[in-house]
Amino acid sequence: MDINQNLNNLMKEAQKMQERMQEAQQQLTDLVVTGEAGGGMVTVEMNGRHDVRKVKIKRAALMDDDIEMLEDLIAAAFNSAVQKIEKASKDKIAQLTKGLNLPTDFMQDGGKE
């Protein structure tokens with residue numbers, strides 16, 4: 001096999017990987033998760049773009065007039081939803097990159113420097 005053939009094969013593989021990554025991105029965008037806190041007293045429904053679709057607060061969470069507790073429950077439910085999306089993203093990327101020789105923390109920081 002000559003070098004041009006190798007380059008062509010490499011380019012084809014890169015294009016396939018790019019298509020799979022775009023498909024995975026779309027699947028993650030369409031993903032909807034529910035985060036909860038306080039045993040379900042507060043739930044947050046969020047999509048893969050981190051857009052909040054719904055927030056539900058059970059009446060029992062409002063009974064004590066403890067605003068700080070409610071604020072903590074809402075924050076915890078949001079964080080729970082974000083963690084689920086991050087895990088799903090990481091799992092999807094790991095699935096796509098299986099067999100490639102990429103560092104294990106390749107997507108860990110989300111591209112932030």
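Index from 1, following the sequence.
- To the nearest 0.5 angstrom, Gln5 atom CD is 6.5 Å from Asn8 atom CG.
- Taking CE of Met11 as the start and CG of Asn9 as the end, the distance is 11.5 Å to the nearest 0.5 Å.
- One side chain, Asp30 or Gln26, offers a donor N or O that lies under 3.5 Å from an acceptor on the other.
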side-chain contact (heavy atoms from CB on, under 4.5 Å) between Leu28 and Lys92, intermediate numbers included: CA-CA 8 Å; Leu28 289 170; Lys92 182 60 93 175; 4.2 Å; yes
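- Note on Val44: it clusters hydrophobically with Leu31, by side-chain heavy-atom contacts below 4.5 Å among ILVMFWY residues.
- Contact detail for Met41 and Ala61: the closest heavy-atom pair is CE-CA, 3.1 Å.
- Residues Ile74 and Ile57 are in side-chain contact: their nearest non-hydrogen atoms beyond the backbone lie under 4.5 Å apart.
- The number of heavy atoms from other shown groups lying within 6.0 Å of CZ (Arg20) is above 12.
- Linking Ile, Leu, Val, Met, Phe, Trp and Tyr residues whenever their side-chain heavy atoms come within less than 4.5 Å places Val52 and Leu70 in a single cluster.
- Clustering ILVMFWY residues whenever any of their side-chain heavy atoms sit less than 4.5 angstrom apart, transitively, puts Met21 in a cluster other than the one holding Ile85.
- For Gly35 against Ser80, the heavy-atom pair with the smallest separation is CA-OG, 3.4 Å.
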Asn47 and Arg53: CA distance, side-chain angles, deciding distance, side-chain contact (heavy atoms from CB on, under 4.5 Å) verdict: CA-CA 7 Å; Asn47 69 18; Arg53 298 172 46 150; 4.1 Å; yes
Stepwise side-chain contact (heavy atoms from CB on, under 4.5 Å) check, Glu71 with Glu68: CA-CA 5 Å; Glu71 291 169 344; Glu68 286 182 27; 4.2 Å; yes
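- Linking ILVMFWY residues whenever their side-chain heavy atoms come closer than 4.5 Å, directly or via other members, leaves Val32 and Phe78 in distinct clusters.
- We find the OG1-CG distance between Thr43 and Leu73 to be 11.5 Å, quoted to the nearest 0.5 Å.
- If you take NZ on Lys54 and CE on Met46, they are separated by 14.0 Å, rounding to the nearest 0.5 Å.
- Between atom CD of residue Glu13 and atom CD of residue Gln15 there is a gap of 10.5 Å, rounded to the nearest 0.5 Å.
- Rounding to the nearest 0.5 Å gives a distance of 8.5 Å between CD of Glu36 and NZ of Lys58.
- Between the side chain of Asn79 and the backbone N or O of Ala75 there is at least one donor-acceptor pair closer than 3.5 Å.
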